[in-house]
Structure formats: C-alpha cells, structure tokens
Q: 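What follows is a structure written as structure tokens; I'll ask about it next.
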Amino acid sequence: MFYRSTKNNSPKADFREATIRGLAPDKGLYFPEKITLLDKELIENIEEFSNVEIALNVIRPYVGDTIPEVELKRIVDETINFDFPLVKVCDNIFSLELFHGPTLAFKDVGARFMSRCLGYFVENEPNNYREKLTVLVATSGDTGGAVANGFFDVEGINVVILYPSGKVSSVQELQLTTLGKNISALEIDGTFDDCQNMVKTAFADKQLNKELFLTSANSINVARWLPQQFYYFFAYKQWPQKQTPPVFSVPSGNFGNICAGLLAHTSGLPVQHFVAACNANDVVPEYLETGRYNAKKSLVTISNAMDVGDPSNFSRILDLFDQQFDSVKSILTAYSISDNETREILKKTYTGYNYLMDPHGAVGFLALQRYLERQESTGGGIFLETAHPVKFYDVVEPIIDESVALPEVVKTLLQLQKKSTRMPADYEQLKRYLLSY
C-alpha cells in the first residue's frame with residue numbers, strides 16, 4: 001500500500017514513511033492510493049470474529065509489509081484492550097461509547113496505535129534518526145490527553161502539544177499538562193486553528209526540519225486516522241438489525257473520525273448514511289447546503305473539541321469521492337447545533353432516558369434525531385459518544401444540576417498541578433522553542 005498527497009505534488013510513501021512524516025512535503029495529507037475491499041465473510045459473519053481479528057483485517061492492507069504480522073497483532077492487541085459498548089438510549093437510537101480507554105475519550109485508539117507504530121519504527125531503524133523523534137501536535141481538547149498518555153515514556157520520542165489557552169476543559173488540560181518526562185505542553189494565546197496553523201508551518205519549515213525530526217500525532221497522520229475505522233466495525237458487530245444498516249452520527253471538528261467511517265463504508269461496511277454533527281462551527285454544513293467551502297475563524301463553544309473553523313480532514317473526504325459534490329452529499333448530511341440546543345438535549349436525554357452524555361455526544365444525538373425525523377423509514381441509528389461526561393463536568397453539572405461521579409483516574413488527576421509554557425500564537429516563538437528544546 002502506498003500513499004499519495006491530497007495536493008498531488010509529493011512522491012508516494014509507504015505506511016512507515018507516511019507515519020514518520022505526518023504531513024506530505026507539499027503540505028497535503030497522505031491518502032491511500034487505493035481502497036481495499038474487505039472479505040465479505042468478515043462483514044456477513046462479523047459477530048463470529050473477535051475485535052482484534054476485525055481490527056487486524058481492517059488495518060492490515062494499509063500497513064502493508066512495513067510491520068510484521070506478529071508485531072502488528074501486538075500493536076492492535078494493546079490498542080483496543082478495553083470495551084466499545086453499543087448502548088440503547090431510546091427506541092431507535094443507540095450510543096457507541098468510546099470513552100472506556102485510559103483518557104476517557106475516543107482518541108485513545110488512534111493515539112495508542114500510532115505511538116506503538118512509531119515506537120516500532122524507532123526501535124528497529126534507529127540509524128534513520130539523527131536525534132530523538134519529536135511529535136508535534138495541536139489539540140482542541142481530547143487529542144492532547146490521548147497523545148500524551150499514548151506516547152508517555154516511549155523511548156526515543158519527545159512530544160510537544162499545543163493547545164488554546166482557556167478553550168479546553170479543566171480535565172482535558174490536566175491530562176495533557178501533568179505527565180512530564182517526554183511530554184511538554186505549550187499553552188497558546190489563540191484558537192485551535194492558530195495552534196494547527198503553527199504546527200503545519202513547522203512541518204513546512206525546511207530549516208527547522210534540517211535540525212529536528214518532526215512528525216504529527218493529529219488526525220492528519222495516517223497512523224492516527226486509519227485505526228478510527230475500528231469503531232464502526234465494532235458498532236456494526238453489535239447492531240441488532242443487520243438487515244437494515246445503521247445511520248451513523250459523528251460529532252465532527254477536524255473531520256478525521258467521520259472520514260475514517262466513510263473509508264470503512266467504502267471498503268465494504270454496510271452503512272445507510274452518515275451525519276456530521278457540528279456545533280456553531282458550520283463550515284461543512286454550509287458547504288453541503290451551498291456547494292461552497294469557506295474556511296472561517298473558529299468559534300468557542302461548550303463542545304470545544306469540535307471548535308474547528310477549517311477542518312483538515314475534509315480534503316480527504318473530497319478525495320475519497322473524487323471531489324464530486326453530489327457523491328459526497330448522497331452519503332453525508334451535516335447539521336449545526338447551537339450551545340443552547342446542546343444544553344437542552346443533554347438535559348432532556350438525561351431526565352427522559354436516564355442517559356448522561358457529554359456535550360459532543362449531545363450534539364451527535366440531536367443531529368441524528370433530526371436526520372431520523374425527516375426520513376420515512378431508516379431502522380434507526382448510532383451516535384458516537386466520544387468522551388466521558390466527567391471530562392466536561394464544569395459544563396455538564398450546571399445543566400443537569402447534579403454532580404457527575406468521578407472515576408478514580410480523574411480523582412487522581414485533579415490532585416495534580418499543570419505544567420505548561422505560555423506562548424502567543426506566533427510561529428517564530430514556537431520555532432525558537434523547538435530549536436532550544
């Protein structure tokens with residue numbers, strides 16, 4: 001399997017090179033040269049396969065021969081060694097809970113898979129690295145904690161995380177700022193888009209890349225993005241109505257998760273339709289309405305991990321459908337949900353169905369509900385509950401007027417002190433920091 005750049009102006013790369021580079025030299029995102037169709041037996045008899053067997057079948061074509069089978073199985077085993085339950089919320093709506101990993105967020109899967117892949121490459125080909133590999137990543141919330149946990153104390157890899165000051169939850173901030181060792185956090189006076197632009201500029205800086213070996217752990221990296229396909233197969237395995245495929249509603253910010261779902265569908269997974277559940281950052285809902293893509297400055301909302309005004313992975317979605325607007329619109333619908341609507345549906349679902357969601361899951365639930373209401377018959381759908389409500393207790397508790405029970409991992413976290421370096425949204429200062437770091 002080889003990968004090309006979405007900007008089509010860089011040499012092709014195998015999985016190893018694409019993972020190490022993160023971003024293609026022409027600033028495009030790496031995208032599979034071809035989509036492999038999965039064996040029909042896997043789909044038709046999916047309940048008979050373990051999650052590890054499913055994940056191996058899904059990811060193997062994309063890894064190719066860059067990682068031996070026995071190592072790939074170990075990596076997958078360690079990546080998904082927790083539950084992914086499908087929980088019925090009401091008559092035709094189910095929640096796929098993706099918060100049972102170590103940092104209580106869906107990004108644990110991608111971060112754990114990528115850290116182990118990079119660890120393998122570093123350990124087995126050390127002569128290719130002049131100095132320690134530096135993972136440079138921007139986060140709007142959950143990516144930072146998942147990456148910090150996934151890469152913590154991995155030999156030969158340093159991690160630098162940029163996050164927007166005051167725009168992540170208190171639990172999210174502690175998860176990415178308290179580990180120390182090979183993990184460093186930069187608190188940026190700006191938005192997630194500012195952080196992401198600084199990271200992209202660093203990758204394109206030829207002088208900097210002569211001095212440092214940089215890669216990214218955002219969903220722009222294929223090793224972070226591709227394993228997110230697993231969720232959709234695990235959900236379908238548990239789906240009770242195989243004769244009527246589900247609609248998937250995906251809380252969407254940088255659009256990596258829903259793009260992985262679309263890739264899974266293209267490779268053979270039965271899905272009726274996808275719903276991109278967005279907050280007030282409505283670039284994609286506007287695109288699907290007008291056919292025009294207009295990047296915007298991101299807005300701050302209570303579903304902060306989705307506060308993205310120019311989603312990087314949307315270029316991959318367009319590539320997946322050969323830039324054909326009608327093809328994208330036939331499988332993808334998008335809704336923009338306001339903060340007030342998010343609060344209202346979160347409380348209503350908790351009091352009416354005794355199911356507590358985080359703000360991102362609430363956006364996903366309402367968007368799915370809206371889509372299903374306009375259809376005559378769909379058989380129902382699944383929304384992705386992407387984080388444990390406790391990660392946003394400072395938002396959730398005032399809405400439900402109750403305390404959210406704290407898991408032990410969070411109780412421990414709240415006793416720690418954050419360690420971060422404050423920095424303006426200025427690339428030159430980031431460059432000086434990285435060179436001195």
Side-chain angles (χ1 to χ4, degrees), residues 1-36 59 61-64 66 107 109-111 113-114 117-118 121 135-140 143 146-147 162 192-206 209 214-229 250 252-267 274 276 281 283-284 287 293 295 298 306 308-324 327-328 332:
M1 171 67 74
F2 284 92
Y3 296 82
R4 59 174 178 79
S5 169
T6 53
K7 293 193 175 181
N8 295 308
N9 198 30
S10 288
K12 295 175 184 177
D14 63 8
F15 177 77
R16 174 190 168 279
E17 184 180 353
T19 297
I20 291 170
R21 283 189 177 276
L23 201 65
D26 63 1
K27 298 187 186 181
L29 306 190
Y30 282 114
F31 191 79
E33 192 175 29
K34 63 179 181 179
I35 308 302
T36 303
I59 204 67
Y62 298 100
V63 174
T66 61
K107 295 183 179 180
V109 167
F113 183 81
M114 182 190 169
C117 288
L118 270 180
F121 294 142
V135 175
L136 184 62
V137 61
T139 183
S140 57
T143 292
V147 168
L162 282 70
F192 168 74
D193 292 320
D194 293 323
C195 298
Q196 185 164 251
N197 287 335
M198 291 167 74
V199 168
K200 286 183 175 181
T201 303
F203 287 126
D205 188 325
K206 293 181 180 179
N209 282 268
L214 295 178
T215 191
S216 172
N218 282 92
S219 57
I220 61 176
N221 192 301
V222 292
R224 253 290 318 277
W225 166 57
L226 290 168
Q228 292 178 117
Q229 294 178 87
V250 186
S252 299
N254 216 16
F255 276 72
N257 198 350
I258 196 167
C259 183
L262 288 162
L263 182 64
H265 174 54
T266 304
S267 67
F274 286 89
N281 294 279
V283 172
V284 174
Y287 166 80
Y293 183 91
S298 60
M306 292 151 41
V308 183
D310 187 12
S312 294
N313 285 287
F314 199 66
S315 64
R316 281 184 171 137
I317 293 177
L318 295 177
D319 257 32
L320 188 60
F321 294 98
D322 296 323
Q323 309 291 322
Q324 298 298 311
S327 296
V328 176
L332 179 64

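Side chains included, hydrogens not; waters and symmetry mates left out as well; all remaining heavy atoms used.
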Q: Looking at residues at least two apart in the chain, or sitting in another chain, which of them share a salt bridge (charged side-chain N to carboxylate O under 4.0 Å, His left out) with D194?
A: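 Result, salt bridge (charged side-chain N to carboxylate O under 4.0 Å, His left out) vs D194: none returned.
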
Q: Roughly how far apart are N313 CG and Q228 CD, rounded to 0.5 Å?
A: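 Atom-to-atom, N313:CG and Q228:CD are 8.0 Å apart.
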
Q: Mind checking the NZ-OG spacing from K7 to S315? Nearest 0.5 Å is all I need.
A: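 So the NZ of K7 and the OG of S315 are separated by 8.5 Å.
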
Q: Applying ring-ring contact (aromatic ring centres under 6.0 Å, His included), can you list everything that pairs with F203, at least two apart in sequence or on another chain?
A: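 F203 satisfies ring-ring contact (aromatic ring centres under 6.0 Å, His included) with no residue once adjacent residues are dropped.
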
Q: Could you list all the side-chain hydrogen bond (donor to acceptor under 3.5 Å, both in side chains) pairs where at least one residue sits in residues 255-266, not counting sequence neighbours?
A: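 Every side-chain hydrogen bond (donor to acceptor under 3.5 Å, both in side chains) pair that includes a residue of residues 255-266, provided the two are not neighbours, is Y232-N257.
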
Q: Indicate yes or no: at least one non-hydrogen side-chain atom of F321 is less than 4.5 angstrom from one of L262.
A: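 They are in contact (side-chain heavy atoms under 4.5 Å apart), so the answer is yes.
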
Q: If the condition is salt bridge (charged side-chain N to carboxylate O under 4.0 Å, His left out), which residues does K12 pass it with, not counting sequence neighbours?
A: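 Salt bridge (charged side-chain N to carboxylate O under 4.0 Å, His left out) list for K12, sorted by chain: E33.
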
Q: Can you list everything that forms a side chain to side chain donor-acceptor pair (under 3.5 Å) with T139? Sequence neighbours excluded, please.
A: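 For T139 there are no side chain to side chain donor-acceptor pair (under 3.5 Å) partners, ignoring immediate neighbours.
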
Q: Indicate yes or no: at least one non-hydrogen side-chain atom of I317 is less than 4.5 angstrom from one of I258.
A: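 Sidechains of I258 and I317: in contact.
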
Q: Who passes side chain to side chain donor-acceptor pair (under 3.5 Å) against S252, sequence neighbours left out?
A: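 Applying side chain to side chain donor-acceptor pair (under 3.5 Å) to S252 gives none.
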
Q: Stepwise, does the side-chain contact (heavy atoms from CB on, under 4.5 Å) test hold for L263 with W225?
A: CA-CA 10 Å; L263 182 64; W225 166 57; 3.9 Å; yes

Q: If we check side-chain contact (heavy atoms from CB on, under 4.5 Å) with M1, which of these qualifies: I35, T36, D14?
A: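 Testing each of I35, T36, D14 against M1, the sole residue satisfying side-chain contact (heavy atoms from CB on, under 4.5 Å) is T36.
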
Q: Please list, chain by chain and in numerical order, all residues satisfying ring-ring contact (aromatic ring centres under 6.0 Å, His included) with Y30, sequence neighbours excluded.
A: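 With neighbours one apart ignored, the set is empty.
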
Q: Would you confirm whether R224, through its side chain, and G22, through its main-chain N or O, come within 3.5 Å as a donor-acceptor pair?
A: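 Side chain of R224 to backbone of G22: no pair is present.
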
Q: For L136 and V199: C-alpha separation, side-chain torsions, deciding distance, then whether side-chain contact (heavy atoms from CB on, under 4.5 Å) applies.
A: CA-CA 7 Å; L136 184 62; V199 168; 4.0 Å; yes

Q: Of all heavy-atom pairs between S216 and M114, which one has the smallest distance, and what is that distance?
A: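 Smallest heavy-atom distance, with atoms named: O-CE, 2.8 Å.
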
Q: Determine, step by step, whether L320 and R316 satisfy the side-chain contact (heavy atoms from CB on, under 4.5 Å) criterion, reporting the C-alpha distance in whole Å, the side-chain angles of both residues, the deciding distance to 0.1 Å, and the verdict.
A: CA-CA 6 Å; L320 188 60; R316 281 184 171 137; over 6 Å; no

Q: Return the minimal non-hydrogen interatomic distance between T201 and N197, and the atom names on each side.
A: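 So the minimum-distance heavy-atom pair works out to OG1-O, 2.7 Å.
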
Q: Answer yes or no: is there a donor N or O on one side and an acceptor on the other, between the side chain of Y62 and the main chain of A223, under 3.5 Å?
A: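 No, because the side chain of Y62 does not come within donor-acceptor range (under 3.5 Å) of the backbone of A223.
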
Q: Excluding sequence neighbours, so at least two apart, what forms side chain to side chain donor-acceptor pair (under 3.5 Å) with D319?
A: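 Testing D319 for side chain to side chain donor-acceptor pair (under 3.5 Å), a comparison that skips the adjacent residues, returns R4, Q323.
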
Q: Using modelled atom types only, decide if a donor and an acceptor are shared between the side chain of D193 and the backbone of S298 within a distance under 3.5 Å.
A: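 Pair found, side chain donor or acceptor close to backbone of S298.
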
Q: As an exercise, state the distance from CZ of F192 to CG of D310, rounded to the nearest 0.5 Å.
A: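 One gets 10.0 Å once the value is rounded to the nearest 0.5 Å.
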
Q: Rounded to the nearest 0.5 Å, how far apart are NZ of K200 and CG of L23?
A: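 If we round to the nearest 0.5 Å, K200:NZ and L23:CG are 7.0 Å apart.
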
Q: For a quick test of reading the model, state the closest non-hydrogen atom pair linking A24 to S10 and the distance between them.
A: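 Between these two residues, the closest heavy atoms are CB-OG, 4.0 Å.
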
Q: Does any pair with a residue in residues 18-32 pass salt bridge (charged side-chain N to carboxylate O under 4.0 Å, His left out), and if so which ones, sequence neighbours excluded?
A: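 Listed by first then second residue: E17-R21.
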
Q: Rounded to the nearest 0.5 Å, what separation is found between the NZ atom of K34 and the OH atom of Y3?
A: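 With rounding to 0.5 Å, NZ (K34) is 11.5 Å from OH (Y3).
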
Q: Are the side chains of P311 and V284 in touch, meaning some heavy atoms are under 4.5 Å apart?
A: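 Answer yes - side chains close enough.
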
Q: Is any side-chain heavy atom of Y287 closer than 4.5 Å to a side-chain heavy atom of V283?
A: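 A side-chain contact is absent here, since even the closest heavy-atom pair is not under 4.5 Å.
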
Q: Tell me every residue that passes side chain to side chain donor-acceptor pair (under 3.5 Å) with N254, counting only those two or more places apart in sequence or in another chain.
A: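 So N254 forms a side chain to side chain donor-acceptor pair (under 3.5 Å) with Q196.
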
Q: Taking T6 for its side chain and L29 for its backbone only, find out whether a donor-acceptor pair lies under 3.5 Å.
A: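 Yes, the answer is positive, given that a donor and an acceptor are paired below the 3.5 Å cut-off.
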
Q: Any side-chain heavy-atom pair from F255 and V308 closer than 4.5 angstrom?
A: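 Side-chain contact under 4.5 Å: no.
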
Q: As an exercise, state the distance from SG of C259 to CZ of F31, rounded to the nearest 0.5 Å.
A: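 Output value for this atom pair is 6.0 Å.
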
Q: Only counting residues at least two apart or in another chain, list the ones meeting salt bridge (charged side-chain N to carboxylate O under 4.0 Å, His left out) with D205.
A: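 Partners of D205 under the salt bridge (charged side-chain N to carboxylate O under 4.0 Å, His left out) test: K431.
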
Q: Are the side chains of I59 and F113 in contact, using a 4.5 Å heavy-atom criterion?
A: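 In short, these two side chains touch, coming nearer than 4.5 Å.
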
Q: Would you please name every residue forming a ring-ring contact (aromatic ring centres under 6.0 Å, His included) with F2, sequence neighbours left out?
A: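 None.
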
